[in-house]
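Beneath this line is the structure, given in C-alpha cells, with notes to follow.
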Amino acid sequence: MRMRRILGLALAAATLAGVSAVGAVSAGAASSPNISRDECTAAGGQIISRPYGGDACALPDGTKPAIT
C-alpha cells in the first residue's frame with residue numbers, strides 16, 4: 001500500500017511538472033506571434049516548411065507560429 005501511494009505521488013508530481021512546462025511554452029507563444037529557429041528547437045518543436053507561407057514551428061501544444 002505504501003509503494004502505491006509513493007508511485008501515485010511521483011506520477012502526480014511528474015504530471016504537474018509537464019503541465020507547467022507546456023503552460024510556459026504556450027504563454028511564450030501567445031505573447032509573441034513569431035519565434036526564432038533556436039527558440040523553436042529549445043521548446044521541443046519542429047521546423048516545418050509551408051508552401052508559399054515560409055517556415056513555421058510545430059510546437060508540442062499544437063500551435064504553429066511563424067519563424068522569423
Side-chain angles (χ1 to χ4, degrees):
M1 186 68 168
R2 175 176 271 176
M3 185 62 126
R4 186 179 289 178
R5 183 178 296 159
I6 291 170
L7 289 175
L9 289 173
L11 180 62
T15 301
L16 288 175
V19 167
S20 62
V22 170
V25 170
S26 298
S31 64
S32 176
N34 296 330
I35 190 170
S36 70
R37 289 180 178 273
D38 293 334
E39 291 171 338
C40 177
T41 55
Q46 285 187 315
I47 298 171
I48 56 172
S49 293
R50 298 181 294 189
Y52 307 107
D55 293 336
C57 176
L59 293 172
D61 66 351
T63 60
K64 295 179 183 167
I67 292 180
T68 55

Roughly how far apart are I67 CD1 and N34 CG, rounded to 0.5 Å? 9.5 Å
Can you name the nearest heavy-atom pair linking [X] to [Y], along with the distance?
| X | Y | value |
| --- | --- | --- |
| C40 | L59 | O-CD2, 4.5 Å |
| P65 | I35 | CG-CG2, 3.8 Å |
| P60 | G44 | CG-O, 3.6 Å |

Can you tell me which residue pairs pass the salt bridge (Lys or Arg N to Asp or Glu O under 4.0 Å) test with a partner in residues 34-57, sequence neighbours excluded? R37-D55
